[in-house]
Number of protein chains: 4
Amino acid sequence: MAGERRPGRPRSERTRRAILAAALEELREHGYGALTIEGIAARAGAGKPTIYRWWRSKADIVLDAMIDQAYTNIPLPDEGSFAADLVAFLNATFQQREQRPILIGLMAQALLDPVFAKAFRDRFLFSRRAELRKIVERAAQRGEVAADVDPELLIDVVYGVLCYRLMLDHLPLDEKAAEQIAALITRAAR
Amino acid sequence: MAGERRPGRPRSERTRRAILAAALEELREHGYGALTIEGIAARAGAGKPTIYRWWRSKADIVLDAMIDQAYTNIPLPDEGSFAADLVAFLNATFQQREQRPILIGLMAQALLDPVFAKAFRDRFLFSRRAELRKIVERAAQRGEVAADVDPELLIDVVYGVLCYRLMLDHLPLDEKAAEQIAALITRAAR
Amino acid sequence: MAGERRPGRPRSERTRRAILAAALEELREHGYGALTIEGIAARAGAGKPTIYRWWRSKADIVLDAMIDQAYTNIPLPDEGSFAADLVAFLNATFQQREQRPILIGLMAQALLDPVFAKAFRDRFLFSRRAELRKIVERAAQRGEVAADVDPELLIDVVYGVLCYRLMLDHLPLDEKAAEQIAALITRAAR
Amino acid sequence: MAGERRPGRPRSERTRRAILAAALEELREHGYGALTIEGIAARAGAGKPTIYRWWRSKADIVLDAMIDQAYTNIPLPDEGSFAADLVAFLNATFQQREQRPILIGLMAQALLDPVFAKAFRDRFLFSRRAELRKIVERAAQRGEVAADVDPELLIDVVYGVLCYRLMLDHLPLDEKAAEQIAALITRAAR
DNA sequence: GGTTAATCGAGACGGTACGTCTCGTCTTATT
DNA sequence: AATAAGACGAGACGTACCGTCTCGATTAACC
C-alpha cells in the first residue's frame, strides 16, 4: 500500500520546501561554486542533520529543486516542419535564462561525481531527451529523417552543442544560433 | 630585450616539473575531485607557497601539466576524404584514454569558474579547434563543404558530442561512434 | 535563572579537559615557545576549530589549564610573625617547580599582548596578590606594619623580585633568598 | 692586531645602521609582537641573508639597536641623600617613554629564550644595575645603608618593581611611584 | 490522554584543506 | 667576500565547511 504510515513525526513538507527554496536563492546570489550546506541550512532555518537525512549532497538538493519547478517542461506544438519545430524548441530552451546557472552547476557536479551523474541523467536529462525525441519522431513520420540516421545521435548533437557552448561561452545561444543549429540538423537528417 | 634576467634567485625548473608531475599522478590515483594543493605539494616535495606563487588554483596546475605533455597534438595526415579524415581524427582523439579524467576535471572547473574557463579556452581548446578546422578547410577545398555551412558550427558539433558524452557517459566514444559522427557531419556539410 | 540550558549540543567537558591537559604536557615537553595550537589539538585528539571556539590564543589555554589545577593555592597558616609568614609563603611559592615554565610563558605573553595581560591579571595574579595581602593585613594587626606603608607596594616588591629573578635568572629563588626577601620586607614595613 | 683586514668586501656599516633603524621604526609602528625579519629587511632595503649573517634573531637586532642609542645612560648627580638620588634615578628612568615598548619586547624574549636572556643580561641589564649600584654605594658611604643589607637585593627590588609594573600595568610608574619606592628602599636599607 | 517514536532546531564535535604568513636557507648576478 | 633580490622547503596560522553527534522540543499516530 502506498498510504502506509510510519510511526513517529512525519517529515515536514514545510521544511523540505524551505530547503529547496534556500538552495536556489543561494545559488542565484552567490553561484553554484559558493553553495554550502551550512549556508542553505542557515537560510532555510533548518538544521544540517535534517538536510543530510534527506539528501546526499548539495547537487542532489539543487536537482530536486530544479525538478520541483514546474516550468522545466517545454511545450512542443507542431510547427509544421522539422526545422520549425527545432527552432521553436531551441528558442524555448534558450529563453530559460534562470536555469542556466543551475544547469551549469549540475553539469559540473555530474562530471566530477559519477554517482550524481546517473541521478542527473535519469531524473532530468533523459526527460529532456524524450521531448526532443518526440520532435525527431514527428519529423520521421513526415519523411524528413532518413532511415539510416540514428535519432539518438541527432539528439546528442543538439544537446552537445548546447552543453559545449554553455561551458565555453565562446559563441552565444540566441535566435541566430537556433536557426543555424536547426538548419544543420535538418540537413544531416536528410 | 626578452632575454633580460630579473634579479634574485631564478625559478627552479626542477620544482616546476615536480609539481606538474605530482599533480598528474595525484589526479590519476585519486581523481580530479580529490585533488588538493596540499597533496600535490607533499608529493612534489615542494612548499605550498611555492605553488601559490606560480599558480592560481589546482585547475591551472592541471592545465599547465596537460599542455606540457607533448602527446596532446594529433597528427592529421590527409586520408583522402572528409569522412576518412574525421574518422581518423576522432579515433585518434578517443584513444587518448589517460587524458579523459584530466579533461573531465578541467571541464568541470571551467563550468564553475569563468576566469579559468577563459584560460582553458585560450590555452587548450582553441588549439584543438584549430586542428579540426584544418580538416574542415581541407574538405572545403575538395568541395565537400557547402558554401553556406559555418565551419565553426561543424567544429562545435563534433566537440559538443564529445563533451556531452564525456559528461553523461550514456553512449560510448568508440570506433563505431567515430564513424557515426563522421557520417553525420559529412552529410550535414553537403 | 543561571541553570538555563542553551539549545544545541552542550560543550564536551571531556574535550575541554583533554585540551588543557594536552597543553600542559606539550609545554612540559617542548617549552612555552614551542607550543602550537596544532600540537595541542593533535595531542588532545581534538579539532583546531574546537580550540578556537573556546580560546582566543594559546596563552588563554595555558592560563585556563593552570587555574584549573587545584594546587595553585598556597596555605597560609599563621606562623606568629610577619617575617615567619613571609618565609613560609615564599618557600611554598618557590617549591612549585613545575609552575615555573608555565608562569614564564604567561608572563612573556602578557608583556606582548595587553589584552591577555588583563586576563592574566584578573584571573590569576590578583588572586595571588590577595593571598599575600592577607599576610600583610595579619602583620598590620600585629603592629608590624607602619601606618604610612602602602600594603600594595609591599606586595609589588615581593612579586617584583620574583618576577625579575624568573626573567634574569641571575640569582636563585631558594630558601636563602626567601629569608633575605622576608627580612628586607619586614624592615621596610616598620 | 686590531688593524687586520680580511679579504673580500668589508661589511657595510651603512647597511648595519639601516637595519637597526628599520627595526626600531617597525617596533615603534607595529609593536614588538608584530616585528618580523622580513619587515625589517624590506624597510632597510636589505636582504634577509644579510640580517641572518650578523644577528641570530630579531631580539638581537633590537638589543643592538637599543644599545646603539646613546641616550640609554642616565646621569647620576649626587642629590645629597639616598632617597633623593633614588627619586632622581627613578624619574629619569620613567621618563624614557620610547624605551618602554622596546624594553617590554626584550623582556618577553628573554623569558622565552634563555640564550637571549644571557645576552640581554650581560649587554644591557648589568650596566643598568651598575648605575644603581653606584647610588647604593654612595648611600653606604653616607651611612644610609646598614651593613647587613645586601646591595644586590636592593637593586633587585627596585628593578623588580619596575619589571612587575611594566608587565602588569596595574599601577603607574610616575613621580608618586618614584617617591614611594624610594621611601620604601631607604627604610629597608636602614 | 498519556505513550511512543521519528522529526525538528541548534550547535558542538573531529577532521581536512584552504590560502597566508614568516621562518631560515639557498642561489643568482652585482659590487 | 659581502651585497640585494628573491625563490625555496617547511610548517603553523586562523578560517571555512564537511559530515556526524548529541541535546531538548515538537508532532503525530497509537494505546
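Letters go in sequence order (proteins before strands), and every chain restarts at 1.
A salt bridge links D:Asp64 with D:Arg123; the closest basic N to acidic carboxylate O contact falls under 4.0 Å. Under 4.0 Å is where a charged nitrogen must lie from a carboxylate oxygen, and between A:Lys118 and A:Asp113 no such pair does. Salt-bridge annotation for C:Asp68 and C:Arg16: present, with a side-chain N of the basic residue lying under 4.0 Å from a carboxylate O of the acidic one. Using a cut-off of 4.0 Å between Lys/Arg side-chain N and Asp/Glu carboxylate O, A:Glu98 and A:Arg28 are scored as not salt-bridged.
Atom CD in C:Glu13 sits about 17 Å away from atom P in F:dT22, given to the nearest Å. To the nearest angstrom, P of E:dT16 lies 18 Å from CG of B:Leu35. Spacing between atom CD of D:Glu26 and atom P of E:dT22 amounts to 10 Å, rounded to whole angstrom units. As a whole-Å value, the separation of D:Ile51 CD1 from F:dA5 P is 12 Å. Computed from coordinates, the B:Ile61 CD1 to E:dA17 P distance equals 15 Å when rounded to whole Å. Following rounding to the nearest Å, C:Asp60 (CG) and F:dG14 (P) show an atom-to-atom distance of 11 Å.
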Working for side-chain contact (heavy atoms from CB on, under 4.5 Å), residues D:Trp55 and D:Ile37: CA-CA 10 Å; D:Trp55 291 276; D:Ile37 300 275; over 6 Å; no

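Along DNA chain E, the nucleotide nearest to C:Thr50 and the one nearest to B:Arg56 differ in position, and the one closer to the 5' end is contacted by C:Thr50. Place B:Ser12 and A:Tyr52 on DNA chain F by their nearest nucleotides, and B:Ser12 ends up nearer the 5' end.
Within 6.0 Å of atom CZ in B:Arg11, more than 12 heavy atoms from other residues, nucleotides or ligands are found, so the atom counts as buried in its surroundings.
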Reading nucleotides 26-31 of chain E from 5' to 3' and marking B where a protein heavy atom lies under 4.0 Å of the base, S where only the sugar-phosphate is that close, and - otherwise, the string is BBBS-B

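The side chain of C:Thr15 places no N or O atom within less than 4.0 Å of a non-bridging phosphate oxygen (OP1 or OP2) of E:dA12.
Here D:Leu24 contributes atom CG and D:Arg43 contributes atom CZ; the two are 10.5 Å apart, rounded to the nearest 0.5 Å.
Put simply, the side chain of A:Lys58 gets close to the backbone of A:Leu35: a donor and an acceptor are under 3.5 Å apart.
Contacts with DNA chain E (heavy atom under 4.0 Å) in residues 36-45 of chain D: D:Thr36, D:Ile37, D:Glu38, listed by number.
Residue C:Trp54 is in sugar-phosphate contact alone, with no base atom involved, counting any heavy-atom pair closer than 4.0 Å across all strands shown.
Within the 4.5 Å cutoff, side-chain heavy atoms of D:Leu111 are placed close to those of C:Leu111.
Of the listed nucleotides (E:dG24, F:dA4, F:dC8), F:dC8 has the atom at the smallest distance from the side chain of B:Arg53.
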